[in-house]
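Chain letters run A, B, ... following the sequence lines, proteins first and then strands; every chain starts at 1. Note that the structure is predicted; figures quoted are calculated from it, not measured. Side chains included, hydrogens not; waters and symmetry mates left out as well; all remaining heavy atoms used.
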Amino acid sequence: MNKLIVIVGPTASGKTELSIKLAKKYNAEIVSADSRQIYREMDIGTAKPLDLREIPHWLLDIKNPNRAYTVAEYKKDAVKIIRDIQKRGKLPILTGGTGLYVKAIVENLDIPKIKANPLLRAKIEKEVKEKGLEYIFQKLVKLDPEAAYVIDAKNPRRVIRALEITLLTKKPFSQQRKSGMPLFDILEIGISVPNENLKDRINLRVDEMIKNGLVNEVENLINKYGSKQQAFDAIGYREIIDFLKNKKTLEKATAEMKINTWHYAKRQITWFNADKKIKWIKSYKETKNLVQQFL
RNA sequence: GCCGGGGUAGCUCAGUGGUAGAGCACUGCUCUGAAAAAGCAGUGGUCGAAGGUCCGAUUCCUUUCCCCGGCA
């Protein structure tokens, strides 16, 4: 038995609620696919599930916020835990909104084994600053002609990473974007919420976060770790950090959180729409039928 | 009431005698060790209203309405 249920959807669509409900019914355990809930002490702003007593949750609170974490690590961690759950005869439910993390598992992405190299990146970034991104892109194309078609020439991070891999492996990055054979027998469920509805839910949730003490949470975090951690490059944390540094009012920070969360939700929807295996559901009953059939 | 400043995209504002632009918002999209990240593209305006001058007015002139500041 290597069945895996995957639940995706935009932020604030009700993934947590649905996965807990399913987990209770099918004796399952939940594996998070969320790049920010990975971090300890980032609770309110990441809308981390609070009640973990009944259902085991995995890959929450596994790193301190001063640690960088990446897809490749996630894939390793998640596969291990999913297998472990299956070995114990229980059903794993993978749930979360980080599309790339989900894809890494579902499509068994073969992520190039080159770690992020901060020194090299800094060096290339400096070059970008001095000579322009186009110059660096041409450098990449010289080493990897196919990259011209595959890599977004105007996206600094993409170009830099492609160059990083090409340089360190001495093989073109464009030939290293592969995926392996499926790892699991998967049912992918997507939660579909009408736009207006989702917008309301997002706005409400942001207001709740503020009410529940997000400002305090962020203040404690930056006192402890400083404000420049990669983990804090997250909606809710960026804006509140600006507020705490007197760069904007709380009102403005809150309004920006709402807009940024909405933009994020739309990016998620675009991302998940590209995955044709996802079965979009509008009710719990539909979900139950799908799961029943799958098991 | 008088004197100034202003009314241009949903918002904040540029601008020109040859029917208009930016940022943000909005819509669509990209994504293989930073992904709540990083990027790309697109839609959108009878230029407050009415007259006049001119081949031609959003731009110049007159009148009018509205907003902001000062004086009374």
Closest-nucleotide 5' rank along RNA chain B - winner of A:Ile111 and A:Ile259: A:Ile259
Other cluster members, A:Leu52 - Ile/Leu/Val/Met/Phe/Trp/Tyr, side-chain contacts below 4.5 Å: A:Leu60
Sugar-phosphate only, base, or nothing, as touched by A:Asp34 at under 4.0 Å among non-hydrogen atoms: base
Pairwise P distance for B:C66 and B:A49, with rounding to whole Å: 15 Å
Nearest-nucleotide comparison on RNA chain B, the residue closer to the 5′ end among A:Ile151 and A:Thr98: A:Ile151
Nucleotide opposite B:A57 in a Watson-Crick or G-U pair, distances under 3.5 Å: none
Options B:A35, B:C26, B:A34, nucleotide nearest the side-chain atoms of A:Glu125: B:A34
Among B:A34, B:G33, B:U27, the nucleotide that comes nearest once only the side chain of A:Gln230 is considered: B:A34
Touch class at under 4.0 angstrom, heavy-atom based, for A:Tyr74 against every strand present: nothing
OP1 or OP2 of B:U27 under 4.0 Å from side-chain N/O of A:His263: no
Nearest non-hydrogen partners of A:Arg88 and A:Asp84, listed with the distance: NH1-OD2, 2.7 Å
Strand partner of B:C71, provided both Watson-Crick or wobble distances fall under 3.5 Å: B:G1
B:G23 versus B:G44 - spacing of their C1' atoms, nearest Å: 15 Å
Strand partner of B:G10, provided both Watson-Crick or wobble distances fall under 3.5 Å: B:C24
Nearest-angstrom distance, P atom, B:G18 to B:G4: 28 Å
Spacing between A:Ile105 atom CD1 and B:G33 atom C1', to the nearest angstrom: 13 Å
Touch class at under 4.0 angstrom, heavy-atom based, for A:Lys178 against every strand present: base
Touch class at under 4.0 angstrom, heavy-atom based, for A:Tyr101 against every strand present: sugar-phosphate
Distance (rounded to the nearest 0.5 Å) between A:Leu198 CG and A:Ile191 CD1: 10.5 Å
Nucleotide nearest A:Pro156 when distance is taken to its side chain, options B:G39, B:A25, B:U27: B:G39
A:Arg121 side chain, from C-beta outward: closest of B:A25, B:A35, B:G33: B:G33
Whole-Å C1' distance, B:G45 and B:U12: 16 Å
Nearest heavy-atom neighbours spanning A:Gly226 and A:Phe232: O-CE1, 3.1 Å
Sugar-phosphate only, base, or nothing, as touched by A:Ala68 at under 4.0 Å among non-hydrogen atoms: nothing
Whether over 12 other heavy atoms sit under 6.0 Å from A:Glu17 CD: no
Sugar-phosphate only, base, or nothing, as touched by A:Lys115 at under 4.0 Å among non-hydrogen atoms: base
Touch class at under 4.0 angstrom, heavy-atom based, for A:Thr46 against every strand present: base
Integer-rounded Å distance: B:G33 P and A:Leu119 CG: 19 Å
Under 3.5 Å on both distances, the Watson-Crick or G-U partner of B:G44: none
Integer angstrom distance from the P of B:G51 to that of B:G39: 50 Å
Sugar-phosphate only, base, or nothing, as touched by A:Gly236 at under 4.0 Å among non-hydrogen atoms: nothing
A:Tyr69 and A:Tyr74 aromatic ring geometry - parallel, tilted or perpendicular at 30°/60° bounds: perpendicular
Rounded interatomic separation in angstrom, taking NZ from A:Lys258 and C1' from B:A25: 16 Å
P spacing across the pair B:U53 / B:C61, given as an integer number of angstrom: 16 Å
Among A:Glu41, A:Glu219, A:Glu217, the one residue meeting salt bridge (charged side-chain N to carboxylate O under 4.0 Å, His left out) with A:Lys224: A:Glu41
Gap in Å between the two C1' atoms, one belonging to B:G48 and one to B:C65, rounded: 8 Å
Touch class at under 4.0 angstrom, heavy-atom based, for A:Lys113 against every strand present: base
Spacing of the C1' atoms in B:A20 and B:A34 (rounded, Å): 41 Å
Over 12 foreign heavy atoms within 6.0 Å of CD, A:Glu251: no
Whether over 12 other heavy atoms sit under 6.0 Å from A:Lys115 NZ: no
Closest to side chain of A:Arg161, choosing from B:U27, B:G39, B:A34: B:A34
Every protein N/O lying under 3.5 Å from an N/O of nucleotides 28-30 of chain B:
residue	atom	partner	partner atom	Å
B:C29	OP2	A:Thr270	OG1	3.4

Short side-chain N/O contact from A:Lys154 to OP1 or OP2 of B:A41, under 4.0 Å: yes
Single-linkage hydrophobic cluster A:Tyr264~A:Leu100, side-chain heavy atoms < 4.5 angstrom: no
Who pairs with B:U32 - Watson-Crick or G-U, where each distance is under 3.5 Å: none
Sugar-phosphate only, base, or nothing, as touched by A:Asn117 at under 4.0 Å among non-hydrogen atoms: nothing
